[in-house]
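Working notes for the structure below.
Note on naming: letters A, B, ... go to the chains in the order of the sequence lines (proteins, then strands), and numbering restarts at 1 for each one. A quick note: this is a predicted structure, and the numbers were derived from the prediction, not measured.
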2 protein chains.
Amino acid sequence: MSDPRLLTLTEKLKRRGYRLTPQRLAILNILAASEGHPTVEQIHARVHVEFPTTSLATVYKTIAMLKAEGEVLELGFGNISRYDGSKPQPHPHLICTRCQSIVDPDEHLFADLSKDLTKKYGYQITSYRIDYFGICPECQHQNV
Amino acid sequence: MSDPRLLTLTEKLKRRGYRLTPQRLAILNILAASEGHPTVEQIHARVHVEFPTTSLATVYKTIAMLKAEGEVLELGFGNISRYDGSKPQPHPHLICTRCQSIVDPDEHLFADLSKDLTKKYGYQITSYRIDYFGICPECQHQNV
DNA sequence: TTATGTGCAAACAGTTTGCACATAA
DNA sequence: TTATGTGCAAACTGTTTGCACATAA
């Protein structure tokens, strides 16, 4: 357990009285890294390697628990959701529609928008969702 | 039929060989106005007043047809979708989480972002989704 | 007249839930 | 020891589909 995010997460959950079962630890491990912002199915498949009895329901329940604790960011895309447990605060995403990879662009590009919207429209902004879709440089170069 | 958007829409569909049934016209009527960015249920309920036999399936099929023609913008929120048939191109939204109203903020605030992202990350941006969530001025003033 | 659209009911996919059993603390 | 978590299967929700009948053009 060298990942500092994983450490913060397990400490918090322990403090909050949650049990750290092997299934949960495996799920947390994947979410703390959040490589590629996995779907529930992908998380389940990966946990399954180590713990073959783990059910989808447990993955869903663990994610629900983490959402309640504000420790995972859910990115819903139509009927599929992907999760980021390494940076659970809202932040913009840059998504390749060819290879499905997700990049987190520099947030400074978007820094003043909340304030601008409050000033111009009087809204108290509480959250946001910003996704840009396109073709990543790698996919552009392999013209398939 | 005084709404220019509705006129453009019906003309295009006629030209493309689609039949303009009474059900479709009623749905188009609602979507062309898109007051409040209605859900499928809301569209169905409103069409139902005039045409009580209209099924949900027809509403879904009509929306699917309009999506294929690029004439409606779908805004998925978790398990619910809302539709904008008056301005089907991607554009930012400002959403009140109290009264569910949706405002279209000035797009100029976001004008350069696509270009900035292309320059900085090499992505060819094809589309985007920008939603800001908050409390609208009206809801702020009625502290319930 | 006939290709297209409608409406019903069944199917579908992702998610949630109830409950008996298992287990972390 | 016992309150909490797990795993299964059933339920649920929004959406899609197949098919017989209806109808716009």
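Contact annotation: A/S55 does not reach the phosphate of D/dC8 (side-chain N/O to OP1 or OP2, under 4.0 Å). Here B/T58 reaches the OP1 or OP2 of C/dG7: one of its side-chain N or O atoms lies under 4.0 Å away. Within the 4.0 Å cut-off from OP1 or OP2 of D/dT16, not a single side-chain nitrogen or oxygen of B/Y60 is found.
The pair B/E71-B/R5 meets the salt-bridge criterion, with a side-chain N (NZ, NE, NH1 or NH2) lying under 4.0 Å from an Asp/Glu carboxylate O. A salt bridge is absent between B/D84 and B/K87; no separation between the charged side-chain nitrogens and carboxylate oxygens falls under 4.0 Å.
A/E74 has its CD atom 14 Å from the P atom of C/dG14, to the nearest Å. Between B/I80 atom CD1 and D/dC12 atom P the separation is 18 Å, expressed in whole Å. As a whole-Å value, the separation of A/L25 CG from D/dT6 P is 10 Å. Following rounding to the nearest Å, A/N79 (CG) and C/dA11 (P) show an atom-to-atom distance of 20 Å. The distance from atom CD of A/E41 to atom C1' of C/dT15 is 11 Å, rounded to the nearest whole Å. Here the P atom of nucleotide C/dG14 and the CZ atom of A/R82 are 14 Å apart, to the nearest Å. With rounding to whole Å, B/F51 atom CZ is found 17 Å from C/dG5 atom P. Distance A/L56 CG to C/dA13 P: 14 Å, rounded to the nearest Å.
Considering A/R82, A/H91, A/Q89 in turn, A/H91 is the only one that fulfils the side chain to side chain contact (heavy atoms under 4.5 Å, CB included) rule with A/L73.
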Pairs counted only when both distances fall under 3.5 Å, Watson-Crick or G-U: show me the 5' to 3' dot-bracket for DNA chain D, [ ] for pseudoknotted crossings and | for other-strand partners.
|||||||||||||||||||||||||
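Using bins of under 30°, 30° to 60° and over 60° for the plane-to-plane angle, the ring pair B/Y132/B/F110 lands in the tilted bin.
Applying the salt bridge (Lys or Arg N to Asp or Glu O under 4.0 Å) test to residues at least two apart or on different chains, none of the pairs has a partner in residues 43-66 of chain A.
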Protein and nucleotides 19-25 of chain D: nitrogen or oxygen contacts under 3.5 angstrom:
from   : atom 1 : to    : atom 2 : distance (Å)
D/dT23 : O2     : B/R19 : NH1    : 3.1
D/dA25 : OP1    : B/L20 : N      : 3.2

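Between B/L20 and B/K14, the closest side-chain pair of non-hydrogen atoms falls below 4.5 Å.
A cation-pi geometry, defined here as NZ or CZ lying under 6.0 Å from the six-membered ring centre and within 45° of its normal, holds between A/R129 and A/F77.
Side-chain N or O atoms of A/R24 include one that pairs as donor or acceptor with a backbone N or O of A/R19 at under 3.5 Å.
No single ILVMFWY cluster, assembled from side-chain heavy atoms under 4.5 Å apart, contains both B/L75 and B/V40.
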